[in-house]
Novice: 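This structure is in C-alpha cells; I'll ask about it shortly.
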Amino acid sequence: TLIPYTSASTPSVTHVLALHDGESHNDAILVPINESEFQRNIRTLIELPDSTPTVARGAPVRVPVVPVAVPHAETAPLLLLFALRVHPRGPRALLPGLAGAAAETMTDVGAAARVLAGTTGLDARAAEHQGAWRNALALGVRDESVVEALRFVWEATVEARRLAKRGGTR
C-alpha cells in the first residue's frame, strides 16, 4: 500500500516501478508513476498491467508493482524526475560548482569539465553520471533536451576525469 502526496496538479499514481540492476532482483527502488505521463515521456516497452487506483484523498492506494531491470537502479529515479519534467532544473543539476542558470546555459564541455575536475568525489560522480546516461539510453527518454543535457553532463564528466588524472587531482 502506497499513500502518495496528491494535489490537483499531480497526476495520480497508477503503478509503482520496482527498479533493480540487471540480473539482481534482491534490492529494488520503488518509484510511483502515472502511466500516461510515463508513456508520453519514455519509449521503452514496459508492459504495465491494468490499474484502477483509489482516488479518495488520503486513502491508501493499491497499485500494481512492476519489476523493471535498468543499467543503474541507483540513478533511475533521478532520471525519471528529469524525463517526466518533475525536477525543476533538469539534468545539468548534476554538475556541482555551477550555480543555477550558469549550469543551464553553459555550452562549453571543456569549461564545465574544468569546474567538475576540481570537485571532490569525482569518481563517484562519474559512476552516477554514467548510470544516468546508460538509463536514459536503455529507457528511451523522449525529450531531446533531457537527452542532450545528460549527454553534456556525461561528456563533461569524461573530460573532467581526464583533466584530473593529468593534473593529479581526484
Side-chain angles (χ1 to χ4, degrees), residues 2 4-22 24 27-48 51 63 65-113 115-117 119-161:
L2 174 71
Y5 168 79
T6 58
S7 74
S9 64
T10 304
S12 62
V13 172
T14 60
H15 297 79
V16 171
L17 301 181
L19 304 169
H20 59 88
D21 290 322
S24 170
D27 295 321
I29 299 171
L30 302 178
V31 178
I33 62 161
N34 174 276
E35 181 177 13
S36 62
E37 290 291 314
F38 184 78
Q39 290 181 345
R40 183 176 20 261
N41 294 292
I42 302 292
R43 284 188 188 99
T44 194
L45 299 175
I46 296 172
E47 194 168 321
L48 297 174
S51 175
V63 296
V65 176
V66 181
V68 178
V70 293
H72 193 251
E74 186 179 319
T75 58
L78 186 59
L79 170 69
L80 291 174
L81 288 176
F82 297 143
L84 300 176
R85 300 207 157 267
V86 176
H87 194 285
R89 283 193 48 211
R92 290 181 183 226
L94 294 171
L95 292 171
L98 297 173
E104 299 306 313
T105 59
M106 182 173 278
T107 58
D108 183 352
V109 168
V115 172
L116 189 57
T119 63
T120 59
L122 182 56
D123 287 338
R125 262 186 232 291
E128 177 183 74
H129 297 175
Q130 181 183 40
W133 177 240
R134 289 175 56 213
N135 286 335
L137 297 176
L139 292 173
V141 174
R142 290 184 192 272
D143 186 331
E144 282 302 312
S145 67
V146 171
V147 173
E148 285 305 313
L150 283 168
R151 182 186 334 262
F152 180 87
V153 167
W154 177 235
E155 289 175 1
T157 303
V158 169
E159 178 63 13
R161 290 185 80 193

Novice: Considering non-hydrogen atoms only, spot the tightest contact between W133 and V147 and give its length.
Specialist: CZ3-O, 3.5 Å

Novice: Which distance, rounded to the nearest 0.5 Å, do you find between the CG of L79 and the CG of L19?
Specialist: 9.5 Å

Novice: For a quick test of reading the model, state the closest non-hydrogen atom pair linking R161 to A126 and the distance between them.
Specialist: CD-CB, 3.3 Å

Novice: Please name all residues satisfying side-chain contact (heavy atoms from CB on, under 4.5 Å) with E35, sequence neighbours left out, ordered by chain then number.
Specialist: T14, H15, Q39, L48

Novice: Look up atom OG in S12 and atom CD1 in I33, then write down how far apart they are to the nearest 0.5 Å.
Specialist: 11.0 Å

Novice: Looking at G110 and D108, what are the two nearest heavy atoms and their distance?
Specialist: N-OD1, 2.9 Å

Novice: Between N34 and V13, is there a donor-acceptor pair closer than 3.5 Å when you use the side chain of the first and the backbone of the second?
Specialist: no

Novice: Atom OG1 in T157, atom CD in Q130: separation rounded to 0.5 Å?
Specialist: 10.0 Å

Novice: How long is the span from the CD1 atom in I42 to the CG atom in L139, to the nearest 0.5 Å?
Specialist: 5.5 Å

Novice: For E159, which residues count as a side chain to side chain donor-acceptor pair (under 3.5 Å) partner, sequence neighbours excluded?
Specialist: R162

Novice: Please give me the minimum heavy-atom distance between A112 and A156, naming the atom from each residue.
Specialist: CB-CB, 3.9 Å

Novice: Restricting to side-chain contact (heavy atoms from CB on, under 4.5 Å), what partner residues turn up for R125, sequence neighbours left out?
Specialist: P96, L116, T119, H129

Novice: Mind checking salt bridge (Lys or Arg N to Asp or Glu O under 4.0 Å) for E74 and listing every partner two or more places apart, or none if nothing turns up?
Specialist: none

Novice: Mind checking the CZ-OG1 spacing from F82 to T75? Nearest 0.5 Å is all I need.
Specialist: 9.5 Å

Novice: Restricting to pairs with a member in residues 132-144, which pass salt bridge (charged side-chain N to carboxylate O under 4.0 Å, His left out), not counting sequence neighbours?
Specialist: R85-D143

Novice: Report the residues that fulfil side chain to side chain donor-acceptor pair (under 3.5 Å) with N41, sequence neighbours left out, ordered by chain and then residue number.
Specialist: none

Novice: Grab the two heavy atoms, one from A73 and one from I29, that are nearest each other, plus how far apart they are.
Specialist: O-CD1, 3.2 Å

Novice: Minimum heavy-atom separation for A136 and L150, please, with both atom names.
Specialist: CB-CD1, 3.6 Å

